[in-house]
There are 2 protein chains.
Amino acid sequence: MYQTLYKYLKEKTDIGERDFEIVKTYFIPKKLRKKQYLLQEGDICDHFAFVSKGILRLYSIDPKGSENIIQFAPEEWWISDRESIVSRNPSKYNIDALEDSELLLITPKNHRELASRVKVFDELQENLNQRHIAAHQKRIHAAISYSAEEKYLEFVDTYPQIVSRVPQHMIASYLGMSPETLSRIRSRI
Amino acid sequence: MYQTLYKYLKEKTDIGERDFEIVKTYFIPKKLRKKQYLLQEGDICDHFAFVSKGILRLYSIDPKGSENIIQFAPEEWWISDRESIVSRNPSKYNIDALEDSELLLITPKNHRELASRVKVFDELQENLNQRHIAAHQKRIHAAISYSAEEKYLEFVDTYPQIVSRVPQHMIASYLGMSPETLSRIRSRI
DNA sequence: TAATAGCATTGATTAATGTCAATGATATTT
DNA sequence: AAATATCATTGACATTAATCAATGCTATTA
C-alpha cells in the first residue's frame with residue numbers, strides 16, 4: 001500500500017526515510033472493490049486520492065444516462081474532483097474503481113500542512129500541478145482541433161497501459177465519441 | 001500598469017504595501033500593439049504574463065492554416081504556454097494581442113523566488129492553480145459531452161465580457177466549431 | 001472619398017458522427 | 001455446465017457540422 005507511494009516519491013524526489021515516515025501519517029489507506037464508488041454525485045469531494053494499485057475513473061452521467069468519462073487513474077496517478085474540492089459544492093461527478101483497487105487518501109487541509117512541513121513534498125506537488133495544467137492544455141487543444149481518429153491515435157500513443165485495461169466503450173466516452181464510431185475508426189487503421 | 005496588479009492582489013489577498021513593493025521588483029512591464037506577438041511558435045515560452053490592460057489569445061495554426069484558439073486573457077488574467085514552460089520545448093502555439101495591451105511578465109524562476117519570499121503570493125498562486133485545474137476539468141467535460149449550441153450558451157453565460165470584445169469567428173475557433181455553425185446557432189437562439 | 005479588408009450571414013452540398021437494431025464472441029455468474 | 005451479462009462490431013438510416021461560395025455591412029487604410 002505505502003510501498004507504491006514510497007517508490008513514487010523516491011523516483012520523483014530525493015525524499016529521505018525520515019521525511020517519508022512523516023508523509024505516511026497524513027494519508028488514510030482505503031480499499032475499493034471493482035465498481036465500488038469513491039465519490040458519488042451530490043457528495044462533496046474532500047480528498048485527493050493516490051492510486052497504489054488498480055485503476056479508477058472520474059465521470060458524469062448525462063440526462064440520457066450516458067457516461068462521460070473525464071479521467072482514468074491507474075497506479076501512481078492522483079484522482080479527485082477538483083471542481084468540488086475548490087468550490088466545496090456537491091460534485092456532479094462520480095469516481096469508481098474499474099478493478100479492485102488500493103488508494104491513499106489525503107484531505108486538502110492535510111495536504112497543505114504536509115507541504116509546509118516537508119519541502120520536497122511541496123515542490124513535488126507544485127511540479128505536478130504545473131504538469132497537470134500543461135496536460136490539460138494539450139487535451140483541450142486536441143478536443144477542439146483533432147478529428148475523432150486523431151484523438152484515438154494520440155490516446156493509444158500516450159496511454160498504451162490504459163488502453164489494455166479498460167473497455168473500448170469507456171475509451172470512446174473519454175474521447176467524446178460513440179462506441180460505434182470508435183469501432184469503425186479501429187477497423188480503418 | 002502596476003495599479004491593476006495591486007488592485008488584483010488587494011482583492012484576492014491581504015497583501016501590504018511593503019510586500020507589494022517587493023512583488024513589483026520581480027515583474028517586467030511590456031506593452032504590445034494590436035496583433036503583436038508575445039510568443040511565436042518555435043520559441044520557448046519563458047514567462048508567465050499578467051494582463052494589466054487589453055486582451056490576448058493563445059492559439060495554434062493547423063496544417064490547413066486554421067487557427068485553434070485555446071485561451072483568451074483579458075485584464076487580470078494570466079496567460080502563457082504551460083506546455084512549453086514545463087517541458088522547455090519550443091512552443092507549438094502563438095500568443096498575440098487582440099487590442100493594444102499592457103502586461104507584466106515574470107519568469108518561472110522569479111515566480112518561485114517570489115513565492116518563497118512573499119507568503120500571500122505563494123498562497124494566491126497555489127489557489128489560482130487549483131482553480132485553473134478545476135476550470136480545465138470543467139472545460140474538458142463540456143468539450144466531450146456538450147452539443148455545439150450548449151458550448152456557445154455556456155461560453156456567453158460564463159464570459160460575457162469576452163464575448164463583447166472578440167470577433168465571432170474567434171469564439172467559434174475557441175469552441176471548436178466553424179464560424180458558419182456558430183452563426184446558425186446564434187440565429188436559432 | 002474611395003478602395004480594401006474584416007466580419008457575419010445564408011444557401012447548397014458533402015462529410016463525419018450519432019442512433020438504433022442485430023449479431024456473435026467472451027467473461028461472469030448461477 | 002448452462003444461463004446471463006458484457007463487450008465489440010456491423011448495417012442502415014438520421015442528424016449535426018463542415019466546406020465552399022456568394023452576398024452585404026462595417027471598419028480601416030490609402
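Lettering follows sequence order; numbering is per chain, from 1.
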Q) Applying the side-chain contact (heavy atoms from CB on, under 4.5 Å) test to B/L38, which of B/D81, B/L32, B/L58 qualifies? A) B/L32

Checking contacts here: which listed nucleotide ([options]) is nearest the side-chain heavy atoms of [X]?
X      : options               : result
A/K35  : C/dG18, D/dT6, C/dA8  : D/dT6
A/H169 : D/dA8, C/dA21, D/dT19 : D/dA8
B/A148 : C/dT10, D/dT9, D/dA17 : D/dA17
B/P167 : C/dT9, C/dA8, D/dT6   : C/dA8
A/E180 : C/dA8, C/dT19, D/dC20 : C/dT19

Q | Centroid separation B/Y93 to B/Y59 less than 6.0 Å | A | no

For atom [atom1] of [X] and atom [atom2] of [N], their distance in whole Å:
X      : N      : atom1 : atom2 : value
A/R165 : D/dC7  : CZ    : P     : 16 Å
B/M170 : C/dG6  : CE    : C1'   : 10 Å
B/I144 : C/dT17 : CD1   : P     : 15 Å
A/K151 : C/dA16 : NZ    : C1'   : 11 Å
A/L98  : D/dT6  : CG    : C1'   : 14 Å
A/M177 : C/dT17 : CE    : P     : 7 Å
B/R186 : C/dC7  : CZ    : C1'   : 11 Å
A/E67  : D/dC7  : CD    : P     : 10 Å

Q. Is it true that the NZ or CZ of B/R112 lies under 6.0 Å from the centre of B/F48's six-membered ring and within 45 degrees of the ring axis?
A. no

Q | ring-ring contact (aromatic ring centres under 6.0 Å, His included) partner of B/W77, chosen from B/Y8, B/Y159, B/F50, B/F72 | A | B/Y159

Q: Report which part of the nucleic acid B/K64 touches: base, sugar-phosphate, or nothing (heavy-atom distance under 4.0 Å, all strands).
A: sugar-phosphate

Q) Starting at the 5' end of DNA chain D, which residue's closest nucleotide do you reach first, B/K34 or B/I185? A) B/I185

Q. With nearest nucleotides of DNA chain D determined for B/E149 and A/S187 from heavy-atom distances, which residue corresponds to the more 5′ nucleotide?
A. A/S187

Q) Do the side-chain N or O atoms of B/T181 get closer than 4.0 angstrom to the phosphate oxygens (OP1, OP2) of D/dA17? A) no

Q | Side-chain ion pair, B/K7 and B/E76, N-O less than 4.0 Å | A | yes

Q.
Can you tell me whether the side chain of A/R184 and the base of C/dT19 have a donor-acceptor pair closer than 3.5 Å?
A. yes

